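Presented below is the structure to which this report refers.
Keep in mind it's a predicted model, so treat the numbers as computed, not measured. Order of appearance sets the numbers: ligands from 1, and atoms from 1 within every ligand.
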Amino acid sequence: MADLMAEQVRYQHAISFTPLHRTFMAQASHVDLGRLTDESSLAAIRAAMTQYGVLVFKGQNLTGQQQVAFAQRLDGQLHRKTSAAVLGKNRYGDEAITDISNVSGDGDILSAEDRRRINGISNRIWHTDASFESPAGRYSMLYARTIPPVRADTEFADMRTAYEKLDEQTKELIDGLDAHHSIVYSRHIMGFDFSPEEAARLPGAVHPLVRRFTDSTRPSLYLASHANRIMQWPIPEGRLLLKDLMEHCIQREFVHFHEWTQGDLVIWDNRMTMHRARPFDDVTYKRELTRVTTLDIDPVPVH
Ligand code: OGA
Ligand code: MN
């Protein structure tokens with residue numbers, strides 16, 4: 001009995017994190033997230049999220065419901081108002097499980113013209129999840145179920161370091177500004193239009209351009225291709241500012257990638273990172289991932 005207790009204590013403190021980049025992203029040592037319930041391990045993951053912004057967990061084996069339950073244990077309430085939910089029924093039967101795949105309900109690869117495919121490949125533009133909603137997404141957890149035999153990476157941008165590297169004049173200029181985020185706008189730019197009825201369900205949301213956190217976490221730029229205007233400015237000036245800031249954030253020094261293997265679960269904090277999918281031959285190879293995203297609402301778990 002005593003030995004079992006000792007084992008349990010050791011397990012609770014056993015997660016270590018190895019940095020993957022100079023300023024953000026880390027890989028966790030092996031842990032089975034489907035069975036991870038102890039509060040001290042969950043707290044260790046939250047603290048590592050605050051430090052690194054993106055964490056990679058390899059070798060997971062999760063059902064959809066296990067993925068949902070882990071997300072709830074880690075960070076509370078889940079996001080369900082996705083753009084995919086507006087386009088059609090979810091093949092996992094739960095809108096909290098976003099189907100990030102090029103596969104239909106029958107298991108076939110979506111055709112080149114399929115609306116769900118065109119909506120899906122819009123993940124190839126830099127964004128943060130659910131910034132067009134309020135509350136927006138906080139943690140996103142993307143789990144790799146089927147990985148193609150060719151590279152199909154996800155790239156991440158470190159928005160806290162990007163903020164720190166702005167010149168002081170720009171920091172002053174953007175202090176207190178808010179941006180309107182709309183997925184109807186960003187999809188339109190990509191050549192994808194929602195019907196008026198669909199668009200009515202996606203009105204967009206306003207968020208501060210600079211995020212400051214209640215704990216000691218460093219401030220972050222909060223941007224996405226969904227951002228289409230600065231509320232306090234006329235539209236053209238606001239769009240130009242957003243374009244300049246986006247270009248700043250996606251410089252190579254702020255960007256790192258994740259190369260997927262089946263069973264990876266990657267968690268990112270949408271408040272301090274942007275991400276995008278890299279292109280691959282998606283009319284030939286299947287790529288199936290599921291994402292669960294938490295809502296950026298209080299209470300934020302203690303970090
Ligand atoms: C997402 C996303 C990128 C990818 O799941 O939110 O943007 O590489 N995914 O699939
Ligand atoms: Mn995304």
Quiz item: When you measure from the Mn ion (ligand 2) to each N, O or S atom of D129, which atom gives the shortest distance?
Solution: OD1
Self-check item: Side-chain heavy atoms of R117 within contact of N102, under 4.5 Å
Solution: no
Quiz item: If you look at H275, which of its N/O/S atoms is nearest to the Mn ion (ligand 2)?
Solution: NE2
Quiz item: Which atoms form the tightest heavy-atom contact between V56 and H258, and what is the distance?
Solution: CG1-CE1, 3.5 Å
Exercise. Decide yes or no for F70 and R73: does some side-chain heavy atom of the first lie under 4.5 Å from some side-chain heavy atom of the second?
Key: yes
Exercise. Applying side chain to side chain contact (heavy atoms under 4.5 Å, CB included), run through T161 and H21 and close with a yes or a no.
Key: CA-CA 12 Å; T161 305; H21 178 267; over 6 Å; no
Quiz prompt | Side-chain touch Y222/M159, heavy atoms, less than 4.5 angstrom | solution = no
With the criterion set at N/O pairs under 3.5 Å, what does the list of contacts between the protein and ligand 1 look like, atom names and distances included?
from: ligand 1; atom 1: 5 (O); to: R291; atom 2: NE; distance (Å): 3.0
from: ligand 1; atom 1: 6 (O); to: D129; atom 2: OD1; distance (Å): 3.0
from: ligand 1; atom 1: 6 (O); to: D129; atom 2: OD2; distance (Å): 3.2
from: ligand 1; atom 1: 6 (O); to: H275; atom 2: NE2; distance (Å): 3.4
from: ligand 1; atom 1: 6 (O); to: R291; atom 2: NE; distance (Å): 2.6
from: ligand 1; atom 1: 6 (O); to: R291; atom 2: NH2; distance (Å): 3.3
from: ligand 1; atom 1: 7 (O); to: H127; atom 2: NE2; distance (Å): 3.1
from: ligand 1; atom 1: 7 (O); to: H275; atom 2: NE2; distance (Å): 3.1
from: ligand 1; atom 1: 8 (O); to: T154; atom 2: OG1; distance (Å): 2.6
from: ligand 1; atom 1: 8 (O); to: R287; atom 2: NH2; distance (Å): 2.9
from: ligand 1; atom 1: 10 (O); to: R287; atom 2: NH1; distance (Å): 2.8
from: ligand 1; atom 1: 10 (O); to: R287; atom 2: NH2; distance (Å): 3.4

Exercise. Establish whether Y163 and W126 are linked, either directly or via other cluster members, by ILVMFWY side-chain heavy-atom contacts under 4.5 Å.
Key: yes
Quiz item: Does M274 offer a backbone N or O that forms a donor-acceptor pair with the side chain of H127 under 3.5 Å?
Solution: no
